[in-house]
Amino acid sequence: MSNKLEHIDIIFEEFLRSTSIFKDRERMRPDYLPETLPHRDRQMSRLSSMVAPALRLDRCSNVFVYGKTGTGKTAVSRLVASRLYNKGMENSIPIRTSYVNCRIAGTDYRILSQMCSNVGLTIPFTGLAATELLTRLVHALESTGQLLIAILDEVDALVKDQGDDLLYELTRINESDSKAKLSLIGISNDLTLKERLDARVLSSLCGEEVVFTPYTASELYDILQERVAFAFRHGVVSRGVIRLCAARAAIEHGDARKALDLLRVAGELADREHCSEVLEGHVLLAERRMECDRVSDALRTLPLHARIILCDLVNMKLGSCGTSTGEVYDEYKKLCRSLLLEPLTQRRVSGILSELDSMGLVNAKLQSLGRYGRTKRIRLSVAPEMIRDAFSQDLLSTAALGEKVAS
DNA sequence: CTTCCACCGGAAGTACCGGTAA
DNA sequence: TTACCGGTACTTCCGGTGGAAG
């Protein structure tokens with residue numbers, strides 16, 4: 001026992017003695033908001049001029065911000081909002097800002113709850129009607145005279161699984177006779193979102209648009225270089241390493257988040273090896289590591305029946321041509337019976353397969369077989385060993401659960 | 001050209017849970 | 001305590017649908 005404790009102490013002391021190659025690691029984190037955003041001047045000034053009327057407590061029009069992941073939408077919006085807030089504070093103008101990631105918040109209720117807390121209301125986790133939150137929000141805005149700028153990030157996720165009712169209610173506040181002032185900045189990486197919106201929401205939300213184009217490799221290089229100067233010690237990251245990170249991220253539509261993550265993880269790997277600089281090998285290793293982490297994270301949080309379906313796919317030993325929904329469902333029913341579990345309906349299994357597809361764990365492509373119907377061609381997109389490893393422990397508990405259900 | 005397969009996927013409803021307000 | 005709330009996971013129902021076969 002004491003042996004182990006000594007061992008822990010040794011690790012900590014070694015950590016204290018060693019010098020990190022990071023100067024300020026926080027600056028490499030994906031949610032860090034830098035002071036400057038290279039190659040985004042145009043978008044920044046456009047958005048600023050759109051929200052500027054708020055400084056006279058005039059309602060400004062809602063804005064729709066569109067661009068692929070990691071193109072700076074969130075950073076630009078948050079930076080503009082925080083500058084606006086500060087300017088308001090300086091001049092005693094009651095501007096409030098609210099940032100909500102709709103995908104993470106997940107539901108109308110939690111989005112409203114976040115907005116309420118940003119204007120100084122305390123809201124219980126649950127128990128209230130969503131319309132009640134909306135009423136309280138409007139009332140708070142009216143009575144305090146605050147103007148709220150709400151940034152709704154990944155608003156496409158909200159519309160996809162909750163519909164556009166909330167957006168409609170929110171856009172209506174600004175247009176109604178009430179004194180409440182609320183402007184929305186909707187951020188989406190899916191342009192087809194507009195097709196799913198009600199005409200009234202569309203005209204109100206998408207009246208003004210700011211488009212973010214993907215970064216090129218050389219723009220990514222500039223972004224990385226600027227961060228490196230603050231985040232790492234001098235001389236530990238070579239130009240070649242920065243160029244490699246930029247190039248790897250540029251392959252995926254110029255994703256700055258990926259570029260920064262890549263360099264940060266590579267730096268952490270180098271640190272752990274007590275290496276005095278980040279090498280290209282670290283970057284390549286980091287890329288592999290990040291992919292593994294993503295997959296095992298996804299696997300670990302999967303519900304029971306999704307796991308059973310994945311086990312099925314592993315057991316079926318799919319060739320290159322994959323399998324179909326119907327075949328998966330037959331196998332799934334067999335496996336459920338052997339586990340003494342009640343199988344779900346085919347509709348649900350089809351839905352789970354689509355969910356696994358969007359998580360990147362399987363590849364499900366719609367295929368028509370003409371006279372022989374339509375189905376999804378399903379293939380695993382991760383190595384079967386990874387699934388087996390992740391579930392090797394849990395399968396025992398799955399079997400135990402099966403027995404529990406039976407008894 | 002029409003038919004028709006084997007599903008897809010939207011919509012609405014159900015059951016259950018953990019929570020709140022009055 | 002009771003009536004109501006949201007969240008999650010699921011079922012039921014059903015109107016599509018791409019394209020090979022006839």
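Nothing here was measured: the structure is a model prediction, and the numbers come from that model. Naming convention: chains lettered A, B, ... in sequence-line order (proteins, then strands); numbering from 1 in each chain.
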request  = Report the residue (A:Gly370 or A:Arg136) whose heavy-atom-nearest nucleotide on DNA chain B is the more 5′ of the two.
outcome  = A:Gly370
message = With nearest nucleotide decided by heavy atoms, which residue, A:Thr107 or A:Leu344, maps closer to the 5′ end of DNA chain C?
response = A:Thr107
message = Considering only residues two or more places apart or on different chains, which pairs with a residue in residues 120-144 of chain A satisfy salt bridge (charged side-chain N to carboxylate O under 4.0 Å, His left out)?
response = A:Glu132-A:Arg136
query = Distance check: side-chain N/O of A:Lys376 vs OP1/OP2 of B:dC8, anything under 4.0 Å?
reply = yes
ask   = A:Leu304 has an atom CG; how far is it from atom C1' of C:dT8, in whole Å?
value = 15 Å
key: A:Phe22 six-ring face occupied by A:Arg25 cation (under 6.0 Å, within 45°)   = yes
inquiry  = Whether A:Arg377 contacts B:dC7 is assessed here as follows: a side-chain N or O lying under 4.0 Å from the phosphate OP1 or OP2. Is that the case?
reply    = no
request  = Output yes when A:Arg27 and A:Asp24 qualify as a salt bridge under the 4.0 Å nitrogen-oxygen rule, no when they do not.
outcome  = yes
ask   = Looking for any heavy atom pair under 4.0 Å, which part of the strands does A:Gln346 touch: base, sugar-phosphate only, or nothing?
value = sugar-phosphate
task = Whole angstrom is fine here: how far is it from CG in A:Leu353 over to C1' in B:dC7?
result = 12 Å
inquiry  = Starting the side chain at C-beta, find the nucleotide from B:dC8, C:dA20, C:dG6 nearest to A:Leu366.
reply    = B:dC8
ask   = Between C:dC10 and A:Arg348, is there an OP1 or OP2 to side-chain N/O distance shorter than 4.0 Å?
value = yes
remark   = Picking from C:dA21, C:dG7, C:dG16, the nucleotide nearest the side-chain atoms of A:Arg110 would be C:dG7
task = Measure from OH on A:Tyr109 to P on C:dC4 and round the result to the nearest Å.
result = 17 Å
inquiry  = Could you measure the distance from the CD1 atom of A:Ile185 to the CZ atom of A:Phe64? Nearest 0.5 Å is fine.
reply    = 13.0 Å
message = Other residues, nucleotides and ligands only: do more than 12 of their heavy atoms fall within 6.0 Å of CZ on A:Arg96?
response = yes
Could you list the donor-acceptor pairs under 3.5 angstrom formed between side-chain atoms of residues 80-92 of chain A and any protein atom two or more places apart in sequence or on another chain?
residue: A:Ser82; atom: OG; partner: A:Leu79; partner atom: O; Å: 3.4
residue: A:Asn86; atom: ND2; partner: A:Ser82; partner atom: O; Å: 3.3
residue: A:Asn91; atom: ND2; partner: A:Lys87; partner atom: O; Å: 2.8

note = To the nearest angstrom, the CG-P distance between A:Asp165 and C:dG6 comes to 13 Å
inquiry  = Output the rounded distance in Å from CD1 (A:Ile308) to P (C:dA9).
reply    = 15 Å
ask   = When the distance from CZ of A:Arg371 to P of C:dA21 is rounded to whole Å, what number comes out?
value = 9 Å
query = Between atom CD in A:Glu342 and atom P in C:dT11, what is the gap in whole Å?
reply = 9 Å
query = From the list B:dC7, C:dG22, C:dC10, which nucleotide is the closest neighbour of the side chain of A:Ser324?
reply = B:dC7
task = Kindly point out which of B:dT20, C:dG22, C:dT17 is positioned nearest to the side chain of A:Arg374?
result = C:dT17
ask   = With a 4.0 Å cut-off, would you call A:Glu287 and A:Lys258 a salt bridge?
value = yes
query = How long is the line joining OH of A:Tyr329 and C1' of C:dT11, in whole Å?
reply = 11 Å
key: Angle of first-five versus last-five pair axes in the helix from B:dC1-C:dG22 to B:dA22-C:dT1, to 10 degrees   = 30°
ask   = Just checking A:Arg347: base, sugar-phosphate only, or nothing, at a heavy-atom cut-off of under 4.0 Å?
value = base
query = Any donor-acceptor pair under 3.5 Å between the side chain of A:Ser368 and the base of C:dG18?
reply = yes
task = Would you please confirm or rule out a distance under 4.0 Å between OP1 or OP2 of C:dT11 and any side-chain N or O of A:Thr345?
result = yes
task = Decide if atom CZ of A:Arg289 counts as having more than 12 heavy atoms of other residues, nucleotides or ligands within a radius under 6.0 Å.
result = no
message = Let's see if you can work this out: which of C:dA21, B:dC7, C:dG7 has an atom nearest to the side-chain heavy atoms of A:Thr375?
response = B:dC7
ask   = Closer than 4.0 Å, any side-chain N/O of A:Thr325 to the OP1 or OP2 of B:dC8?
value = yes
